[in-house]
Amino acid sequence: LESDRAVPVQGVQVSGMHGWGSAKLDSVGRNKVATVLRIMQLTGLDVVFSDADNVFSRDPFAPGASLGDLIRSQRYDYVYQEELQRRPDPRHVAPGDGGNTGFWYAAGSRKPQGMQA
């Protein structure tokens, strides 16, 4: 990408591959949140963040797709998936204290003032 189509990293510069639980991988997660927060503060836009290695088998924003329906309802400022090793039991209740930084949505029109990076 040319520099006019790229967003510089906000936070700690990290290069190379780092395993789960490493401090450098934690920095990558904080960088993602800080960068999205900055975009939302500058633009007021809602943001869906997706890591480059995510693959969608169908349109996640289409009517009937859970992400699209949640966003269109305008009832949620933050939609995320938990960082789990396997599919949770149907009775599982998310604690609401975080999430996987590889795929999430934040409402830029409402959330930036309460968001921390």
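What you see is a predicted model; the values in this text were computed from it and never measured. We number each residue from 1, following the sequence as shown.
- Under the ring pair (Phe, Tyr, Trp, His ring centres under 6.0 Å) criterion, Y105 pairs with no residue at all, not counting sequence neighbours.
- A donor-acceptor pair is defined here as one N or O able to donate and one able to accept, closer than 3.5 Å; such a pair exists between the side chain of D46 and the backbone of G108.
- At least one donor-acceptor pair under 3.5 Å links the side chain of N54 to the backbone N or O of G102.
- With rounding to the nearest 0.5 angstrom, the CE atom of M17 is 8.5 Å from the CG atom of L25.
- Rounding to the nearest 0.5 Å gives a distance of 10.0 Å between CZ of F49 and CG of N100.
- Of all non-hydrogen atoms in P60 and A65, the two that sit nearest each other are O-CB, 3.5 Å.
- A side-chain hydrogen bond (donor to acceptor under 3.5 Å, both in side chains) check over residues 58-71, counting only residues at least two apart or in different chains, returns the pairs D69-R72.
- A distance of 15.0 Å separates OH of Y76 from OH of Y78, quoted to the nearest 0.5 Å.
- Between the NE2 atom of H18 and the CG atom of D26 there is a distance of 11.5 Å, given to the nearest 0.5 Å.
- Both Y80 and I39 are part of a single hydrophobic cluster, where members link through side-chain heavy atoms under 4.5 Å apart.
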Chi angles and distances behind the side chain to side chain contact (heavy atoms under 4.5 Å, CB included) call for W104, Q81
CA-CA 7 Å; W104 50 283; Q81 64 183 16; over 6 Å; no

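- Of the possible donor and acceptor atoms, one in the side chain of T35 sits under 3.5 Å from a partner among the backbone N and O of N31.
- Atom NZ of K32 and atom OG of S50 lie 9.0 Å apart (nearest 0.5 Å).
- Remark: V93 engages no residue in a side-chain contact (heavy atoms from CB on, under 4.5 Å) (not counting sequence neighbours).
- Counting heavy atoms from C-beta outward, I71 and V48 have side chains that approach closer than 4.5 Å.
- Relative orientation of the F56 and F103 rings is tilted, given thresholds of 30° and 60° on the angle between their planes.
- Considering all non-hydrogen atoms of both residues, M40 and L45 come closest at CG-O, 3.5 Å.
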